Peer 1: 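The structure's right below; bear with me while I get my questions together.
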Amino acid sequence: MTRKEKYQFVINYFEKHAPDAETELLYDNPFQLLVAVILSAQCTDKRVNLTTPVLFAHYPTPYAMANATFDELFPFIRSISYPNNKTKHLIGMANMLIHDFKGEVPMTVDELVKLPGVGRKTANVITSVIDAQPNMAVDTHVFRVSHRLGLTTTTATTPLAVEKQLIKNFPTELIHKAHHWLILHGRYICLARNPKCPQCGLTEICNYYRKVIKK
DNA sequence: ATCCCGAGGG
DNA sequence: CCCTCTGGAT
C-alpha cells in the first residue's frame with residue numbers, strides 16, 4: 001500500500017468512525033483557551049476544567065492576570081502539573097499580551113511562541129481552533145499514533161518533523177479534523193500502554209500492530 | 001509504576 | 001541533544 005493509499009484509508013475510517021471527545025477544554029474566548037492549553041501540559045483536560053472556571057472568575061482578562069502576584073495565582077492551579085512553572089508562565093504571558101500585543105491574543109504561530117509558556121504545540125492549537133488555520137499540533141498522542149500507523153517515517157523523530165509530514169499528506173481542508181481524530185484515537189484507543197487494538201479498525205494498516213501485537 | 005493535548009533551559 | 005518541572009489518575 002502506498003503512503004497516499006494509507007492516508008486515504010485512515011481518512012475513510014475516521015470519516016465513518018469519528019471518535020467522540022469525552023471532555024473538551026472549557027473556554028469562552030481566545031485568552032481563556034490560551035490559558036487552558038498552557039495548563040493542559042502533562043495534565044488531563046478534566047483536571048484543567050476543574051480549575052479554570054475559578055481561575056477565570058478571578059482573572060477574566062490579561063490585565064487582571066498580569067497584575068496578579070505569584071502567591072495570589074498559584075493556589076488556583078496548585079493541583080495542576082508543574083504549578084510553579086505555569087504560574088510564572090501565565091503571569092508572564094499576560095504581561096506580554098498587554099505590552100506587545102495590545103491585550104489581544106496574537107493569531108500567528110510565530111507571535112504566539114514568543115509568549116512565556118507557549119510552544120509550537122500550543123501555538124498550533126490556538127491558531128487551528130480559534131482561527132481555523134490548517135496547522136497540526138503534534139502532542140504526545142499525535143506523535144505516537146502517527147508513528148504506529150506509519151503515517152510518518154521513522155526518521156521523523158521530532159514533533160516538528162511529524163507535523164510537516166502530516167501537513168504534507170493530509171488534504172489541507174482535513175487538517176483540522178485529522179488533528180482531532182489522531183488525538184482522540186490516541187487518548188481512547190491507541191493508548192501508550194496496552195493499546196486497545198481489538199477496538200481499533202486500523203490494525204490492518206498499523207505497523208505497531210503488525211510488529212508488536214500480532215507476533 | 002506509568003502516563004496525561006509540553007515548555008524552557010543547559 | 002539532554003534534563004527538569006511536578007500533581008493526579010490508573
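So you know, we letter chains A, B, ... as the sequences are listed, proteins then strands, and number each from 1. All values derive from a computational prediction rather than experimental measurement.
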Peer 1: From CD1 of A:Ile80 over to P of B:dC5, roughly how many Å is that when rounded to an integer?
Peer 2: 12 Å
Peer 1: Ignoring backbone atoms, test whether A:Arg187 places a side-chain nitrogen or oxygen under 4.0 Å from the OP1 or OP2 oxygen of B:dC5.
Peer 2: yes
Peer 1: Scan the side chains in residues 89-107 of chain A for donor-acceptor partners under 3.5 Å anywhere in the protein, sequence neighbours excluded, and list what turns up.
Peer 2:
from: A:His89; atom 1: ND1; to: A:Asn85; atom 2: O; distance (Å): 3.3
from: A:Asn95; atom 1: ND2; to: A:Ala66; atom 2: O; distance (Å): 3.2
from: A:Asn95; atom 1: ND2; to: A:Ile91; atom 2: O; distance (Å): 2.9
from: A:His99; atom 1: ND1; to: A:Asn95; atom 2: O; distance (Å): 3.0

Peer 1: Rounded to the nearest Å, what distance is computed from the CG atom of residue A:Leu34 to the C1' atom of nucleotide B:dA7?
Peer 2: 13 Å
Peer 1: Find the distance A:Asn194:CG to B:dT2:P and express it as a whole number of Å.
Peer 2: 12 Å
Peer 1: May I ask you to say what A:Ser79 touches in the nucleic acid, namely base, sugar-phosphate or nothing, with a heavy-atom cut-off under 4.0 Å?
Peer 2: sugar-phosphate
Peer 1: For C:dC1 and B:dA7, measure between their C1' atoms and round to the nearest Å.
Peer 2: 16 Å
Peer 1: Looking only at the side chain of A:Ala41 (C-beta and beyond, no hydrogens), which of the listed nucleotides B:dG6, C:dG7, B:dC5 gets closest?
Peer 2: B:dG6
Peer 1: Give a yes/no answer on whether the side chain of A:Arg120 brings an N or O atom under 4.0 Å of OP1 or OP2 in B:dA7.
Peer 2: no
Peer 1: Give the rounded distance in Å between these two atoms: NE2 of A:His176 and C1' of B:dC5.
Peer 2: 13 Å
Peer 1: What is the nucleic acid contact for A:Val118, judged by heavy atoms within less than 4.0 Å: base, sugar-phosphate only, or nothing?
Peer 2: sugar-phosphate
Peer 1: Between A:Arg47 and A:Asn85, who's closer to the 5' end of DNA chain C by nearest nucleotide?
Peer 2: A:Asn85
Peer 1: Provide the distance between the two C1' atoms, one in C:dT6 and one in B:dA1, to the nearest whole Å.
Peer 2: 16 Å
Peer 1: To the nearest Å, how far apart are A:Leu50 CG and C:dA9 C1'?
Peer 2: 12 Å
Peer 1: Let's go through A:Phe31 and A:Phe56 carefully: what are the C-alpha distance in whole Å and the side-chain angles of both, what is the deciding distance for ring-ring contact (aromatic ring centres under 6.0 Å, His included) to 0.1 Å, and is it a yes or a no?
Peer 2: CA-CA 10 Å; A:Phe31 173 67; A:Phe56 294 150; 7.0 Å; no
Peer 1: Could you walk me through whether A:Arg148 and A:Tyr209 pass side-chain contact (heavy atoms from CB on, under 4.5 Å), step by step?
Peer 2: CA-CA 8 Å; A:Arg148 283 183 175 172; A:Tyr209 181 79; over 6 Å; no
Peer 1: Could you give the CD1-to-C1' distance, from A:Ile38 to B:dC4, as a whole number of Å?
Peer 2: 17 Å
Peer 1: What nucleic acid atoms does A:Ile183 come within less than 4.0 Å of, heavy atoms only: base, sugar-phosphate, or nothing?
Peer 2: base
Peer 1: Do you reckon A:Leu149 sits in the same ILVMFWY cluster as A:Ile167, going by side-chain contacts under 4.5 Å, direct or chained?
Peer 2: yes
Peer 1: On DNA chain B, does the nearest nucleotide to A:His89 precede the nearest nucleotide to A:Thr23 from the 5' side, or the other way round? Give the residue.
Peer 2: A:Thr23
Peer 1: Looking at A:Thr158, A:Asn124, A:Thr152, A:Asn135, which one forms a side-chain hydrogen bond (donor to acceptor under 3.5 Å, both in side chains) with A:Glu163?
Peer 2: A:Asn124
Peer 1: Answer yes or no for this row: A:Tyr82 ring on B:dA7 base, centroids under 5.5 Å, planes under 30°.
Peer 2: no
Peer 1: Per the side-chain contact (heavy atoms from CB on, under 4.5 Å) rule, which among A:Leu25, A:Ile77, A:Asp45 passes with A:Leu39?
Peer 2: A:Ile77
Peer 1: For A:Thr140 and B:dC4, is the shortest distance between a side-chain N/O and OP1 or OP2 below 4.0 Å?
Peer 2: yes
Peer 1: Below 4.0 angstrom from OP1 or OP2 of B:dA7, is there any side-chain N or O of A:Thr122?
Peer 2: yes
Peer 1: Between B:dC4, C:dT6, B:dA7, which one does the side chain of A:Asn84 approach most closely?
Peer 2: C:dT6
Peer 1: State whether A:Asp139 and A:Arg120 are salt-bridged, where the test is any N-O pair (Lys NZ or Arg NE/NH1/NH2 against Asp/Glu carboxylate O) under 4.0 Å.
Peer 2: no
Peer 1: Could you tell me whether A:Ala192 contacts a base, only the sugar-phosphate backbone, or nothing, with contacts defined as non-hydrogen atoms closer than 4.0 Å?
Peer 2: sugar-phosphate
Peer 1: As a test of reading the structure: which of B:dC5, B:dT2, B:dC4 is closest to the side chain of A:Arg193, going by heavy atoms?
Peer 2: B:dT2
Peer 1: Under 4.0 Å between any heavy atoms, over every strand shown, what does A:Pro159 touch: base, sugar-phosphate, or nothing? Just pick one.
Peer 2: nothing
Peer 1: Contact class for A:Leu184 vs. all strands (heavy atom < 4.0 Å): base, sugar-phosphate, or nothing?
Peer 2: nothing
Peer 1: How many whole angstroms separate atom NZ of A:Lys88 from atom P of B:dG6?
Peer 2: 20 Å
Peer 1: Which residue, A:Glu24 or A:Gly117, contacts DNA chain B at a nucleotide closer to its 5' end, judged by nearest heavy atom?
Peer 2: A:Glu24
Peer 1: Write down the distance between CG (A:Asp20) and C1' (B:dC5), rounded to a whole number of angstrom.
Peer 2: 17 Å
Peer 1: In whole angstrom, give me the gap between the C1' atoms of B:dC4 and C:dC5.
Peer 2: 15 Å
